[in-house]
Amino acid sequence: MSELAERFETHDPGEKLVAEKIRCDACPVMCYIADGRTGACDRYGNAGGRIVRVDPLTILDHAAETGGTVVPFVADGEAWVGELVNTGRRFVTAIGAGTTYPDYKPAPFIVSQQVEGVDLVTVVTEGIFSYCGVKVKIDTDRHIGPETAIVRAQGEAIGHVTTGEYGSQMLSLGGVHHLTGGSKAEGRATCDALLNLCNRKPVELTIDGGATIIVEAGKPPVIDGKQEHRMRVGCGSATIGMFATQWRGLVDEVVVVDDHITGVVSEHQAGKVLGWQDTGIKIIGRRSTPGRYFKVSEPGLGWGGTSISDPLSILGEWNAKKGARPGLSLLMVSTTGEQFAYYELDDELKPVEKPFPERLQKSVNLIEDNCEPALCTVLFIGGAGGSLRAGVTENPVNLTRSVQGLKTYVTVGGAPVYVWPGGGITLMVDVTRVPEGGFGYVPTPALVAPIEFTLRRDDYVRLGGYEAEIRSVEDIVAKGGEYLNPRQGTGAPSYNPWPPLAQLRRAASNGTE
Ligand code: SF4
């Protein structure tokens, strides 16, 4: 992006129109673009004196549902012959559609389609999101940094560590304050990181007082140079509950080491119920309830997300009066089953490591087998505001009400979204469900995301939609739109449902507004 941004610097928005340059009006930057060149965002160019959208308009074919090869419907300037893909179950995404900016005009494509006897309209536009960011879930127990610690990309602050979730660490990145509220460098680094994360590219992030992580949506995280493989099966207490029966009769004591709750089977409720004998073990940590200990160590990159590499460091003196005896056997294991060790107490009641016995291998393997693969998940979050809604209806608040009333189904590049309750249209989408390269940017800086609104045609007309602008899918495939770009088809991924008829039928029958 920096190279593009530098190029943008040469495009003075206030520059007078010169003969060979024309102005792009698709965002507030208003680049003047010479023939054969693209503007600052690389999404629009000047082709023979016309502003064109450089990328093709992407149309999903739901009958194919392959998620596979892209099929060009028509090359720029050629007539469409109509035979390549015409399944009647197509979805015009906003990828390559162009934008409604600057507010006064209808969305680039307002598409009608009859699906199973229902007349539907899909309003398609590439939204410019000044208010946007990503929530990142990193499946790991390792300590990546303290909560609220600053997260940096290219040395600039772009977000922070937020509250951890079960088996995962969470980051909140981007947002309007990092995009536009700080220095120019901070805004550019934030936009660059968000764009790459949303387009499923790897991004290196450093956390103040914590780790350096490579995050790539749908891929395992790489933490301080080490790739994470598994997320934990559960906390130490849950692991005890799940596997206590497997260990019974095979070993006298089991400690599951975990940064959150370290579990001890002989004291734990599960062990008690199963009749486990006391062992006189002593855990150094804060006892929560029997057999469940907080804070056995500082968080870190060691066993079970603690900082320890020697699990014996969390044990105190063994108490003979409470069951400790020479020869007592002890299994210590982490919550992913990646680290494990076996000990027996000597005559001084000191644990001595012994070769790991075959009889316990199965249970350790079972912990590992029950761990899911560790992945990075990136959710784009953005607020659909003024220009975007005005491109759908002359009375923008009607769109918000229709979305909130479940009469309008929102998608991002055909992917289903979660719309937050309450005011506005604040949505979240899993970027791995959006076709690749679906996100763009403008150097204001802001992210560009495809967004589609699908609703019944009668509802669309009622909420003040641009009825005169409605076109058929066939017409759009054949003629394209204002920005003269080609259309391309691709098999829709089977996990993105279309059409959302069930929801739209329900909304119609309960009369929600
Ligand atoms: S940054 Fe892109 S969208 Fe904005 S005016 Fe320039 S070419 Fe057009």
Side-chain angles (χ1 to χ4, degrees), residues 1-58 76 93-109 124-132 174 176 179-180 184-196 198-199 380 382-391 412-413 437-452 480-486:
M1 172 181 159
S2 51
E3 192 192 318
L4 292 172
E6 274 160 28
R7 192 194 303 172
F8 161 62
E9 302 278 331
T10 67
H11 289 242
D12 178 1
E15 186 183 356
K16 291 262 182 304
L17 183 64
V18 288
E20 70 277 18
K21 288 187 177 179
I22 51 172
R23 194 177 73 190
C24 172
D25 284 330
C27 92
V29 174
M30 292 194 290
C31 299
Y32 284 93
I33 309 174
D35 192 12
R37 298 281 304 274
T38 55
C41 67
D42 257 1
R43 296 183 310 119
Y44 292 87
N46 176 347
R50 296 284 304 267
I51 291 290
V52 300
R53 179 72 177 85
V54 175
D55 310 294
L57 175 69
T58 297
D76 196 12
T93 75
I95 299 168
T99 179
T100 57
Y101 195 83
D103 295 22
Y104 64 86
K105 57 182 180 179
F109 295 104
V124 169
T125 187
E126 286 179 302
I128 300 174
F129 289 82
S130 306
Y131 283 82
C132 74
V176 73
L179 278 169
T180 56
K184 216 169 176 179
E186 180 178 332
R188 283 178 180 169
T190 303
C191 188
D192 199 22
L194 294 182
L195 180 65
N196 285 326
C198 287
N199 280 335
F380 169 78
S387 78
L388 208 157
R389 292 184 303 159
V412 167
F439 290 85
Y441 83 101
V442 289
T444 51
L447 238 57
V448 177
I451 185 164
E452 305 93 21
E482 178 189 350
Y483 293 114
L484 306 172
N485 48 343

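All ligand and atom numbering here is 1-based and tracks the order in the structure. Only a predicted model underlies this, so the values are computations on that prediction, with no experimental measurement involved. Only this structure's heavy atoms are used, side chains among them; waters, hydrogens and symmetry mates stay out.
To the nearest 0.5 Å, atoms OG1 (Thr190) and CG (Leu447) are separated by 10.5 Å.
Under 2.8 Å from atom 6 (Fe) of ligand 1 lies an N/O/S atom of Cys31, whether from backbone or side chain. When distances to atom 2 (Fe) of ligand 1 are checked against a cut-off of 2.8 Å, Cys41 contributes an N, O or S atom below that limit.
With sequence neighbours left out, the ring pair (Phe, Tyr, Trp, His ring centres under 6.0 Å) criterion links Tyr483 to Tyr44. With sequence neighbours left out, Phe439 forms a ring pair (Phe, Tyr, Trp, His ring centres under 6.0 Å) with Phe380.
Contacts between Arg43 and ligand 1, counted as non-hydrogen atom pairs separated by less than 4.0 Å, involve the side chain only. Contacts between Pro28 and ligand 1, counted as non-hydrogen atom pairs separated by less than 4.0 Å, are absent for every part of the residue.
The distance from ligand 1 to the heavy atoms of Pro443 drops below 4.0 Å at these ligand atoms: 1 (S). Each of the following atoms of ligand 1 lies closer than 4.0 Å to a heavy atom of Met30: 5 (S).
Panel note: side chain Thr93, backbone Ile95; a donor-acceptor pair is recorded below 3.5 Å.
The two residues Cys191 and Tyr441 come nearest to each other via the heavy atoms SG-CB, 3.7 Å.
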